[in-house]
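First up is the structure itself, then whatever we jot down about it.
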Amino acid sequence: MSSSTSVRTARRRTVRIAAAALVAAAGLTLTACAGSDAAEARSAGRTNTGSAASESTASGWSGLQSTDAKADVLGKQSGSAHAAKGGKAASPVRTQRLADGISTAEIYQLGDQHYRAKIVARGAVLATLETKGHDDGLDANDMFVTLTLDGQVHSWMGGGHQGPGTFKLAGGWTAKVTKVGELRYRAQIIGHDGVAATLETNQHDVGLDANGISIVLSSGGVISAHA
């Protein structure tokens, strides 16, 4: 074989080896992309499954409350301190059945005058009340719940007044409710000596214990009180 023929043969072999290397590299790139797509798909599947489970739990409790006790916390608590979350304490100091006969409050002490109450139904935590220097309250679609600075929970059904307006409340109190913005209402609690307290919602419900009278003002302007 001549030297020129040997050179051409060597070049063809070099070209074939280079082409094979390019094909192998392309195969590895495609495999990596496919693996990445599959991982993303699996991750998306897990995320969608988690969201669906969350929605299922929420809607299940909402339906239960509207059928049996007309209580639906979830529509009132977005973006608020009432959003369900775990307590710092390992176990509740006590549990208490609520007025709807279905749900219970698990009360945790987190510090001095700092309590958290989880609203639980059939094992699911559906809403949270927490005191941080003030009482807290909740309107659960006509079931009202308050949590005081000393960890006391009080609940009752009905008795709500739709603001704006001026309303007579239990215990001789009068509430003057005004609308101050979107999902923002203010209630002046008036006694014999004038304004004794003011409640104001900021996209979430609020509550107050007024000398043994529990008062809740909802983000939708509904106020109710109970002895």
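Please read these numbers as outputs of a predicted model, since none were measured by experiment. The figures that follow rest on heavy atoms only: side chains count, while hydrogens, waters and symmetry mates do not.
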- CA sep, side-chain torsions, deciding dist, call: V177, H161, side chain to side chain contact (heavy atoms under 4.5 Å, CB included): CA-CA 10 Å; V177 180; H161 304 280; over 6 Å; no
Euclidean distance, [Y] [atom2] relative to [X] [atom1], rounded to 0.5 Å:
{"X": "T95", "Y": "K118", "atom1": "OG1", "atom2": "NZ", "result": "12.5 Å"}
{"X": "I190", "Y": "F167", "atom1": "CD1", "atom2": "CZ", "result": "12.0 Å"}
{"X": "L147", "Y": "D136", "atom1": "CG", "atom2": "CG", "result": "6.5 Å"}
{"X": "T131", "Y": "Y115", "atom1": "OG1", "atom2": "OH", "result": "8.0 Å"}
{"X": "D150", "Y": "T148", "atom1": "CG", "atom2": "OG1", "result": "3.5 Å"}
{"X": "Q162", "Y": "I223", "atom1": "CD", "atom2": "CD1", "result": "11.0 Å"}

Heavy-atom side-chain contact between [X] and [Y] under 4.5 Å:
{"X": "R186", "Y": "K176", "answer": "no"}
{"X": "T146", "Y": "I215", "answer": "no"}
{"X": "N211", "Y": "W173", "answer": "yes"}
{"X": "W156", "Y": "V216", "answer": "yes"}
{"X": "L129", "Y": "V145", "answer": "yes"}
{"X": "V206", "Y": "E200", "answer": "no"}
{"X": "L199", "Y": "D135", "answer": "no"}
{"X": "Y185", "Y": "S218", "answer": "no"}

- Name of the residue among L138, V222, D205 meeting side chain to side chain contact (heavy atoms under 4.5 Å, CB included) with F144: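 The option that passes is V222.
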Heavy atoms only: give me the nearest [X]-[Y] pair and the separation to one decimal.
{"X": "S219", "Y": "Q203", "result": "CB-C, 4.0 Å"}
{"X": "A170", "Y": "A227", "result": "CB-N, 4.3 Å"}
{"X": "V153", "Y": "R94", "result": "N-NH2, 3.8 Å"}
{"X": "S214", "Y": "D209", "result": "OG-OD1, 4.3 Å"}
{"X": "I107", "Y": "Q96", "result": "CD1-CB, 4.2 Å"}
{"X": "A99", "Y": "S155", "result": "N-OG, 2.9 Å"}

- Message: Same cluster or not: V93 versus I119, using hydrophobic residues (I, L, V, M, F, W, Y) connected whenever any side-chain heavy atoms lie under 4.5 Å apart?
- Response: yes
- Message: For a side chain to side chain contact (heavy atoms under 4.5 Å, CB included) check, start with the C-alpha distance between L183 and T201, then their side-chain angles and the critical distance, and finish with the verdict.
- Response: CA-CA 7 Å; L183 296 178; T201 67; 5.8 Å; no
